[in-house]
Amino acid sequence: MEAFHLLTRGGTNFNKKKFERDVQLFNQSSKATAKGGASHQDHSELPPELDFFKYAQGGQPKRKGESSEGPKAKKQKLKESQDEGGSDNDQDSPAMGRQRVTAKGTNVPEPAETFRSLESRYELSSLLLGNLEKSGYHQPTGIQAHGIPILLEGRDLVAISPTGTGKTLSYLLPIISALSAPSSSSKQDTGCGVRALVLAPTRELAHQIHNECLKLAQGRKWKIMLFSKATANNLNDKNVRDKVDIVISTPLRLVAAMQSGSVELSNVRHLVLDEADRMLDAEFLSQVQEVIAGCSHPNVQKAVFSATLPAGAEQIAMGMLDNPIRLVVGLKDTPLPLIAQSLTYVADDASKVPTLLQYLSQPYNPPVLIFVSTQDRATSLAEELIINGTRNVDYLHAGMTKKERDDAVSRMRQGQSWVMICTEVMARGMDFKGVREVINYDFPQSVQSYVHRVGRTGRMGREGKAVTFFTNEDGPFLKTIANVILQSGSTVPEWILKLPKPSKMKRKEMGKVKRPETVQEARRVGRSDAIKKRDIITGSKRRKEKEKKPVSVFSNEAHEDSEGDVSS
DNA sequence: AAAAAAC
């Protein structure tokens with residue numbers, strides 16, 4: 001209840017002591033099935049997924065009992081790892097290697113079987129190889145094996161690889177290698193401004209990339225800068241400005257810096273757009289174009305990375321690149337098969353809370369990431385859960401202060417949050433190794449959103465689980481998402497696949513149906529009987545739904561071609 | 001199709 005008061009005041013400073021106590025409980029774990037509801041299946045120790053440090057050291061995640069450390073030592077280590085980005089890595093999973101890789105373009109370099117093979121081929125420094133080793137990278141993933149040689153040869157690249165397959169390293173390693181290459185022409189220009197630039201759509205992601213970059217560049221004296229309000233001032237100092245080698249930033253931040261004249265991009269040789277489709281959509285495009293225009297050096301290597309790349313975005317990307325190679329790992333716009341996905345029918349918005357509470361009252365693997373559609377709904381759902389006795393509830397959206405956001409992320413990284421409610425901010429790129437369950441409390445608004453959200457789990461070859469709630473109002477995109485789920489190897493109720501593809505008119509119409517601003521409002525508005533009548537579609541129940549549910553909303557539309565069209 | 005995010 002204490003936490004609730006804090007929440008209603010708009011603060012996110014959860015009672016740390018309470019959390020610590022809970023974390024201890026958690027460590028003992030056999031007692032962790034407290035009345036609040038959270039429990040997990042490993043009854044011997046901290047769930048391996050939460051033991052971030054073990055991954056950093058390259059241990060096998062699946063095997064328990066392997067850890068030689070007691071909970072105390074672990075806790076200490078977790079503390080030390082606070083604020084360290086999602087930089088722990090574990091690449092030993094055999095599941096990583098099996099994805100099909102296709103490359104299109106001229107003179108495509110041979111993939112690298114091992115990191116070490118790059119040493120002779122591209123004069124990769126032993127220092128960098130050592131840093132790789134230290135960071136727990138042992139065997140390149142598909143995107144790394146194919147992408148790194150391409151970038152090391154200075155080629156432009158469009159890289160499409162599923163969530164959690166190691167895209168970040170794929171572009172950071174070549175940048176770091178190029179910056180340290182003795183023969184590099186950019187060497188003599190050292191001190192004349194930024195040489196490499198990485199753009200990402202959210203601060204949290206930029207922060208995470210920065211951490212990763214710092215780890216790989218250990219032992220170098222480069223200045224690697226994460227742009228933010230705080231660092232903007234430093235840039236006024238010419239000495240600082242000219243010494244920056246690598247910049248990681250969100251677009252608007254960088255554009256602001258450019259306009260104030262506090263950053264010089266004319267020496268940039270490497271430009272990367274992470275989450276490229278997001279960076280190239282309407283809201284970011286002009287900013288990104290401005291940045292690209294600012295990189296005035298005649299020889300800028302450009303690369304774009306994402307798990308999803310709709311045709312429109314790809315076309316824009318291709319227009320920016322010079323004789324690029326296009327790499328696709330696995331299936332485009334599709335979640336990893338390792339993620340077990342399901343759909344849950346919840347009638348209307350008012351029925352979501354009870355459904356979620358029931359879900360959380362059963363054993364699950366914390367932390368679970370819950371996506372909602374608006375900031376208000378994030379805070380009000382957090383309140384609802386806390387009122388109802390759910391423990392270690394946390395939330396994160398972009399309406400919070402930077403500090404609040406940073407704190408929430410670090411609580412997440414430390415395993416203090418069991419239930420993290422968030423908006424779309426967290427959907428892309430964030431690498432929380434411990435997340436094994438994602439719940440789409442509010443239906444995702446695009447295939448891309450769906451793919452990225454559920455991609456917060458199942459990272460680096462580990463298994464994951466994703467549940468998506470849908471209401472009568474979510475009809476228009478239900479079938480599309482169902483097809484995505486099907487394509488990635490999970491099953492969906494048959495009746496959903498038989499739904500007609502809604503026409504544009506219908507979609508427009510449906511779009512006008514307004515979702516209550518907050519979950520409280522939803523409950524007030526909702527029929528009281530709807531709350532009791534919660535139907536969860538699982539297994540055999542699905543069949544029943546098949547006859548009943550679709551009629552009301554989904555079926556009275558002219559049947560168009562109902563072919564499964566997965567890409568938007 | 002629309003909210004979120006970017007400052």
Side-chain angles (χ1 to χ4, degrees), chain A residues 197-209 226-233 235 247-260 262-263 273-291 306 310 312 349 370-381 395-402 404-406 408-409 421-430 440-450 452-453 473-481 501-519 565 567-568:
Chain A
L197 185 56
V198 179
L199 289 181
T202 64
R203 289 183 200 154
E204 281 77 11
L205 183 52
H207 191 252
Q208 183 180 285
I209 295 165
L226 174 65
F227 268 30
S228 67
K229 266 215 182 90
T231 53
N233 299 328
L235 285 170
V247 163
I248 295 136
S249 178
T250 51
L252 204 53
R253 177 73 263 168
L254 188 63
V255 168
M258 284 168 70
Q259 280 165 355
S260 72
S262 53
V263 68
L273 301 184
D274 203 348
E275 305 299 339
D277 53 338
R278 182 74 184 89
M279 304 302 284
L280 296 172
D281 75 15
E283 300 87 341
F284 280 127
L285 183 57
S286 61
Q287 297 159 24
V288 169
Q289 281 171 332
E290 202 170 331
V291 170
S306 186
D349 205 62
I370 301 181
F371 284 98
V372 297
S373 59
T374 68
Q375 298 180 0
D376 282 343
R377 286 173 64 78
T379 49
S380 69
L381 179 58
Y395 67 92
L396 175 46
H397 59 68
M400 293 156 52
T401 65
K402 183 169 183 338
E404 287 169 339
R405 287 167 68 167
D406 287 348
V409 169
I421 300 160
C422 57
T423 60
E424 211 63 19
V425 227
M426 288 287 102
R428 283 173 178 263
M430 293 311 294
N440 287 316
Y441 183 86
D442 289 334
F443 205 75
Q445 278 123 345
S446 68
V447 168
Q448 287 74 30
S449 165
Y450 177 81
H452 286 280
R453 282 176 175 193
E473 292 172 20
D474 297 318
F477 287 103
L478 181 57
K479 189 187 174 176
T480 316
I481 299 298
K501 195 165 129 193
S503 69
K504 272 178 196 152
M505 280 281 284
K506 183 75 178 176
R507 267 185 249 177
K508 218 177 229 171
E509 218 173 278
M510 305 289 299
K512 283 182 190 150
V513 181
K514 225 187 157 239
R515 183 172 269 145
E517 280 288 297
T518 65
V519 292
D565 183 7
S567 57
S568 72

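Throughout, a chain's letter reflects where its sequence line sits, starting with A, and its residues are numbered from 1.
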* Is it the case that A:T518 and A:D376 place a side-chain donor and acceptor less than 3.5 Å from each other? ->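 On atom types as modelled, these side chains do not qualify, holding no pair under 3.5 Å.
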* Output yes when A:D474 and A:K479 qualify as a salt bridge under the 4.0 Å nitrogen-oxygen rule, no when they do not. =>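 The answer is no: the pair does not qualify as a salt bridge.
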* To do: Using a 4.5 Å cut-off on heavy atoms from C-beta on, say whether the side chain of A:Q259 contacts that of A:E290.
  => yes
* **Polar side-chain atom of A:S373 near backbone of A:D442 as donor-acceptor pair, under 3.5 Å** => no
Starting at [atom1] of [X] and ending at [atom2] of [N], how long is that distance when rounded to a whole Å?
| X | N | atom1 | atom2 | value |
| --- | --- | --- | --- | --- |
| A:M400 | B:dA5 | CE | P | 10 Å |
| A:D281 | B:dA6 | CG | P | 13 Å |
| A:L252 | B:dA5 | CG | C1' | 9 Å |
| A:Q375 | B:dA5 | CD | C1' | 9 Å |
| A:F371 | B:dA5 | CZ | C1' | 14 Å |
| A:F477 | B:dA3 | CZ | P | 13 Å |
| A:Y450 | B:dA3 | OH | C1' | 20 Å |
| A:H397 | B:dA3 | NE2 | C1' | 13 Å |

side-chain N/O [X] vs [N] OP1/OP2, d < 4.0 Å:
| X | N | value |
| --- | --- | --- |
| A:S373 | B:dA2 | no |
| A:T250 | B:dC7 | yes |
| A:R428 | B:dA5 | no |
| A:Q287 | B:dC7 | no |
| A:R405 | B:dA6 | yes |

Within the structure shown, what part of the strands sits under 4.0 Å from [X] by heavy-atom distance: base, sugar-phosphate, or nothing?
| X | result |
| --- | --- |
| A:P201 | sugar-phosphate |
| A:R278 | base |
| A:A256 | nothing |

* Out of B:dC7, B:dA5, B:dA4, whichever nucleotide has its closest atom nearest the side chain of A:T374 ->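 The answer is B:dA4.
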* **Nucleotide nearest A:F284 (side chain, heavy atoms from C-beta), chosen from B:dA4, B:dA6, B:dC7** =>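 Looking only at side-chain atoms, A:F284 lies closest to B:dA6.
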* I would like to know whether A:H452 and A:Y450 meet ring-ring contact (aromatic ring centres under 6.0 Å, His included); could you show each step before the answer? => CA-CA 6 Å; A:H452 286 280; A:Y450 177 81; over 10 Å; no
* To do: Using only heavy-atom distances, decide whether a donor-acceptor pair under 3.5 angstrom links the side-chain of A:E283 to the base of B:dA4.
  =>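 Answer is yes: a donor-acceptor pair is held.
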